[in-house]
Structures are given as C-alpha cells and as structure tokens.
Peer 1: 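Take this structure first; my questions come after.
All ligand and atom numbering here is 1-based and tracks the order in the structure.
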Amino acid sequence: MAKSTVERMLAGFKSFKAMYYEQRPERVTDLMNMGQKPEVLLIACSDSRVDPAILTNAEPGEMFVIRNVANLVPPYEPDENYHGTSSAIEFAVRDLKVRDIVILGHSACGGIQALVEHGEAGKVPERDFIGEWVSMAKCCLEHGPDVDEVSRRSIGNSLQNLMTFPYIQERVAAGDLNLHGWWFGMKEGILWRYDAATDEFVQGDE
Ligand SMILES: [Zn+2]
C-alpha cells in the first residue's frame, strides 16, 4: 500500500537526522552550545508550496521564520490582543538581533484572494478569522482586482508596517538592519525582489 504523507515525513526525519547528527554533527553541536543566532528573519505565507527553507536551501539555525496567512505584517499596536506575528518580530529584532528581515510573498496566494474578494467587508462568509486578518492590507485593494498585483503591493505595505515598530525604525536608521521584499512567481520559478527606489519588483535570482 502506498505510504501516507505522514509516513513519508517520518522517513524524511530519518534522512535529516543522518545528515545533521551523523554525517556532520558540528552544526548541531554549535547550535546547542551557543544557542541560535540567525541573521535573517523571514516572513512567509503558510501556503504549503512556498516553504522558505526548501526555497532557499537554508540550514538549521540560519533563518528565524514567521509564517502566517498571506505573509502579512500588522502595524505596531501594543494592546491586549494576541499578537503572534508581532511577538515573533519583537523577539527576532530585539533579542536575536537579526540583520535582515525578508518578507516573502508568492503568486496565486489564497489569503490575498480572500483579501480581494472580502477584504473590504473584513469578513469571509462562514469563516471566523481570515477576513479580518487579511483586511489589514485592504489599502492595497486599489491595485486590484489582480490577485498577484495586490500580493506584490501588500509586501510594500508590510514593509511600511515593519517601520512602525520603533526598534526596527531605529536599527534601520542606524544601518544595522535591512528590510527586503521578495515575491515568488511559482509557475515560472522566478524570485522577484522589491526595489524601493522605483517601487517595483525586479527579477532578482540571477
Ligand atoms: Zn499565500
């Protein structure tokens, strides 16, 4: 009988263990002795097709990763709500002191599709959370209704929201934190990079 995905994942863990614990254990030993010191905070979508570690060939300890619906960054709003994304940003910037923050968006994003269809209302019918979540980027709807264009614009919006965090603003101004926007065209396999000078995305994987 064919193996289930979960069974294949358990086998996958065996390969991971062979690679990092048997063939070259130095990296894991260092990470255990010294703790994590990732240089990059990467904020990606939860979409199963855009796993940041697979896309970038990253190794354990290199990237601190936040994944949420549509790779959105909320504005800095310290209040009594439950702020998962902002907590992870705070930890990465203030405690881990990452040097780069990358927001990674992608084509055909279901979260952005929900934004395009329901963002103005802030409510997706028969769903409790997603409508309000994606509506944080509803200012990008002026670039719609093309989902991919709204997705790219929402990266610019999230970069602006990052700058509302006071410690990010300070470290960017001091030149020891860099912000990046990337957008993955899944069909063509192209990685585009946001160019703040022109407010456009340029092909950036060559
Ligand atoms: Zn997505």
Side-chain angles (χ1 to χ4, degrees), residues 5 9 38 40-58 62-75 77 81-89 92 98 100-165 168 179-196 199-205:
T5 301
M9 288 164 74
V40 176
L41 162 62
L42 192 142
I43 302 169
C45 184
S46 300
D47 191 303
S48 59
R49 301 165 293 183
V50 295
D51 185 298
I54 296 177
L55 290 182
T56 63
N57 205 19
E62 285 188 311
M63 275 193 303
F64 191 79
V65 175
I66 299 169
R67 294 182 77 172
N68 64 35
V69 172
N71 48 271
L72 298 175
V73 174
E77 281 175 348
N81 292 318
Y82 300 123
H83 292 292
T85 294
S86 299
S87 312
I89 291 171
V98 295
D100 295 274
I101 301 178
V102 180
I103 298 176
L104 171 63
H106 68 100
S107 58
C109 180
I112 298 293
Q113 175 102 34
L115 169 66
V116 168
E117 288 172 10
H118 306 288
E120 208 58 71
K123 176 82 187 152
V124 174
E126 296 176 32
R127 296 293 181 272
D128 295 324
F129 300 109
I130 191 166
E132 189 170 2
W133 170 255
V134 296
S135 75
M136 80 171 81
K138 69 179 173 189
C139 61
C140 304
L141 288 174
E142 64 178 0
H143 302 286
D146 181 67
V147 170
D148 287 348
E149 182 60 13
V150 173
S151 167
R152 286 186 288 264
R153 294 294 175 169
S154 81
I155 292 174
N157 184 56
S158 285
L159 289 168
Q160 285 177 16
N161 283 347
L162 280 175
M163 290 295 277
T164 64
F165 288 67
I168 291 181
L179 308 186
H180 313 265
W182 294 357
W183 191 83
F184 174 45
M186 279 196 290
K187 199 171 167 196
E188 306 79 16
I190 294 175
L191 188 68
W192 299 82
R193 300 191 345 174
Y194 179 68
D195 176 15
D199 194 30
E200 294 294 341
F201 280 79
V202 293
Q203 200 167 330
D205 57 353

Peer 1: Provide the full list of side-chain hydrogen bond (donor to acceptor under 3.5 Å, both in side chains) pairs with a residue in residues 114-124, sequence neighbours left out, each pair given once.
Peer 2: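 Qualifying pairs, neighbours excluded: Q113-E117.
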Peer 1: So, do I103 and Y194 sit near enough that their side-chain heavy atoms are less than 4.5 Å apart?
Peer 2: no
Peer 1: Could you work out, with salt bridge (charged side-chain N to carboxylate O under 4.0 Å, His left out) as the rule, every residue matching E149, not counting sequence neighbours?
Peer 2: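 Result, salt bridge (charged side-chain N to carboxylate O under 4.0 Å, His left out) vs E149: R152, R153.
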Peer 1: With heavy-atom distances below 4.5 Å as the criterion, would you say the side chains of R67 and S46 are in contact?
Peer 2: yes
Peer 1: Is the closest side-chain heavy-atom distance between S107 and E188 below 4.5 Å?
Peer 2: no
Peer 1: Mind jotting down which residue pairs meet the ring pair (Phe, Tyr, Trp, His ring centres under 6.0 Å) criterion with at least one end in residues 145-165? Sequence neighbours excluded, please.
Peer 2: Y76-F165
Peer 1: Provide the protein N, O or S atoms situated under 2.8 Å from the Zn ion (ligand 1); waters are not included.
Peer 2: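 Near the Zn ion (ligand 1), below 2.8 Å, one finds C45 SG, H106 NE2, C109 SG.
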